[in-house]
Protein chains: 2
Amino acid sequence: MYKPKGEKDIRCPLEYGLNVFGGKWKARIICVLSQKKTLRYNAIRSEMTDISDAVLAAALKELQADEIIVRKQYDEIPPKVEYSLTEKGESAIPILQSICQWSGASSKEEGEHLMKQCQKCDYKADKKTN
Amino acid sequence: MYKPKGEKDIRCPLEYGLNVFGGKWKARIICVLSQKKTLRYNAIRSEMTDISDAVLAAALKELQADEIIVRKQYDEIPPKVEYSLTEKGESAIPILQSICQWSGASSKEEGEHLMKQCQKCDYKADKKTN
DNA sequence: CAGTATCCTATTAGATACTG
DNA sequence: CAGTATCTAATAGGATACTG
């Protein structure tokens, strides 16, 4: 039963949400933008160690399409583009914080703190290494 | 910079959480178990239309490894196995509900209601079809 | 009944070179 | 600077046959 079209089939709100900020990078991008408010392309790139341009650009496009971030382009040389969260994007932050909290923090405050450090923290859950 | 091992690198609580209930099926499984409390393998399978055995079995194993669900095996013929949520699994439900709510519901109650219907609902967000 | 084993396809991620 | 284009690699997801 193949889906020849590249369409995602979002069948419920759960799938929609996980599609919007799931995957390897999108939640991290929202996280970083929630702290720095406005960042240029290369600034985001350097906050996210080990992401490639192809993947970062794709993630940013999806986040724009889902109206989580806005892209503001200044027409000057050299080019300058700034990204920031939309209101909808801001509204997702509490969810990401609650995930941080659930993932091991013992309090709401600690969850928010972990969220603030999410870019570079070396969190290790009690996940088995199979 | 290759990661030759099949190890996931969970670097922050956000990645941990999204690893636990992200992907195409795991949140749905938690969702279904939160309503029916205890289900046998084939019962889960029939609640989740279009999942194959290989994929369902893999998801159930990961959820067990992450201590989200428990597998109770009865040694009888024919075999009988029951799955249910652990306490940790139950504790993830509010997060999934808040995702449902964020994804388009206007109230907490509506979010919980959507969550209850998540298996079969035909939710359509205002997502562009590119 | 409750899965495994095997094989295959689709999607996602990554490296790198290049461009307005 | 902020990407795009292209190619390759890794992973997720799926179909189907088989088994204790």
Side-chain angles (χ1 to χ4, degrees), chain A residues 1-11 15 18-29 33 38-65 69-84 130, chain B residues 1-11 15 18-29 33 38-65 69-84 130:
Chain A
M1 195 174 293
Y2 292 91
K3 298 267 184 324
K5 318 232 282 120
E7 296 281 317
K8 310 225 169 175
D9 55 330
I10 306 291
R11 286 172 299 182
E15 288 182 1
L18 290 172
N19 179 16
V20 168
F21 50 76
K24 189 165 180 180
W25 299 108
K26 283 151 80 178
R28 297 270 308 281
I29 293 171
L33 282 174
T38 293
L39 286 175
R40 297 178 62 170
Y41 179 87
N42 274 330
I44 297 178
R45 199 184 190 301
S46 59
E47 292 281 343
M48 323 266 302
T49 32
D50 291 337
I51 196 172
S52 69
D53 282 314
V55 172
L56 175 55
L60 290 172
K61 275 192 179 172
E62 283 185 56
L63 288 169
Q64 280 172 76
I69 64 174
V70 272
R71 176 182 185 278
K72 185 171 182 187
Q73 176 173 347
Y74 297 85
D75 283 321
E76 50 188 59
I77 307 277
K80 176 177 172 181
V81 173
E82 285 179 344
Y83 292 92
S84 53
N130 306 334
Chain B
M1 194 176 293
Y2 293 93
K3 298 267 182 330
K5 318 232 286 116
E7 296 282 316
K8 311 226 167 171
D9 55 331
I10 306 292
R11 286 173 298 183
E15 289 183 0
L18 291 171
N19 178 260
V20 168
F21 50 76
K24 188 166 179 179
W25 299 108
K26 283 151 82 178
R28 297 269 311 280
I29 294 171
L33 282 175
T38 293
L39 286 175
R40 297 178 64 170
Y41 179 87
N42 275 328
I44 298 178
R45 200 183 190 301
S46 59
E47 292 282 342
M48 322 267 299
T49 31
D50 290 335
I51 196 173
S52 70
D53 282 315
V55 172
L56 175 56
L60 290 173
K61 273 191 182 175
E62 282 184 56
L63 288 168
Q64 281 172 75
I69 63 175
V70 273
R71 177 183 184 278
K72 185 171 181 186
Q73 177 173 348
Y74 297 84
D75 284 321
E76 52 187 58
I77 308 279
K80 177 177 172 182
V81 174
E82 285 179 345
Y83 292 92
S84 54
N130 306 330

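What's counted below: heavy atoms across the whole structure, side chains too, no hydrogens, waters or symmetry copies. All values derive from a computational prediction rather than experimental measurement. Chain naming here is simple, since letters A, B, ... match the order of the sequence lines and numbering starts at 1 in each.
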If you look at every strand shown and take non-hydrogen atoms under 4.0 Å, does [X] touch a base, only sugar-phosphate, or nothing?
X       : result
A:Arg45 : nothing
A:Pro79 : base
B:Tyr83 : sugar-phosphate

Would you tell me if any nitrogen or oxygen in the side chain of [X] comes within less than 4.0 Å of OP1 or OP2 on [N]?
X       : N      : value
B:Arg40 : C:dA2  : yes
B:Trp25 : D:dG14 : yes
B:Arg71 : C:dG3  : yes
B:Lys24 : D:dG14 : yes

Among residues 51-63 of chain A, which ones have heavy-atom contacts with DNA chain C below 4.0 Å?
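A:Ser52, A:Ala54, A:Val55 - these, ordered by number, are the residues of the stretch whose heavy atoms sit under 4.0 Å from the strand.
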
Return the stems involving DNA chain C, sorted by first number, where pairs are Watson-Crick (N1-N3 with N6-O4 or O6-N4) or G-U wobble (N1-O2 and O6-N3), both under 3.5 Å, and runs are 3 or more long.
C:1-20 with D:1-20

Salt bridge (charged side-chain N to carboxylate O under 4.0 Å, His left out) with B:Arg45: which residues, sequence neighbours excluded?
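Checked B:Arg45 against salt bridge (charged side-chain N to carboxylate O under 4.0 Å, His left out); matches are B:Asp53.
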
Could you pull out all residues at least two apart from A:Gln73 that satisfy side-chain hydrogen bond (donor to acceptor under 3.5 Å, both in side chains)?
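In terms of side-chain hydrogen bond (donor to acceptor under 3.5 Å, both in side chains), with neighbours along the sequence ignored, A:Gln73 is linked to A:Arg71, A:Asp75.
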
Residues in side-chain hydrogen bond (donor to acceptor under 3.5 Å, both in side chains) contact with A:Lys24, at least two apart in sequence or another chain:
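Partners of A:Lys24 by the side-chain hydrogen bond (donor to acceptor under 3.5 Å, both in side chains) criterion come out as none, since no residue qualifies.
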
Return the set of residues passing ring-ring contact (aromatic ring centres under 6.0 Å, His included) with B:Phe21 (not counting sequence neighbours), or none when no residue passes.
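With sequence neighbours excluded, B:Phe21 shows a ring-ring contact (aromatic ring centres under 6.0 Å, His included) to A:Trp102, given in chain and number order.
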
Need to verify one output field. Residue with the more 5' nearest nucleotide on DNA chain C, B:Tyr41 or A:Gly23?
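First, find each residue's nearest nucleotide; the 5'-ward one identifies B:Tyr41.
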
Can you confirm whether more than 12 heavy atoms, excluding those of A:Lys61, are under 6.0 Å from its NZ atom?
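Check fails, neighbour count at 12 or below.
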
Donor-acceptor pair, side chain of B:Lys80 and main chain of B:Arg40, under 3.5 angstrom
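No, because the side chain of B:Lys80 does not come within donor-acceptor range (under 3.5 Å) of the backbone of B:Arg40.
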
May I ask you to decide whether A:Arg28 forms a salt bridge with A:Glu47, counting only side-chain N to carboxylate O separations under 4.0 Å?
no

Determine the minimum heavy-atom distance between B:Ile29 and B:Met48, stating which atoms define it.
CG1-CE, 3.6 Å

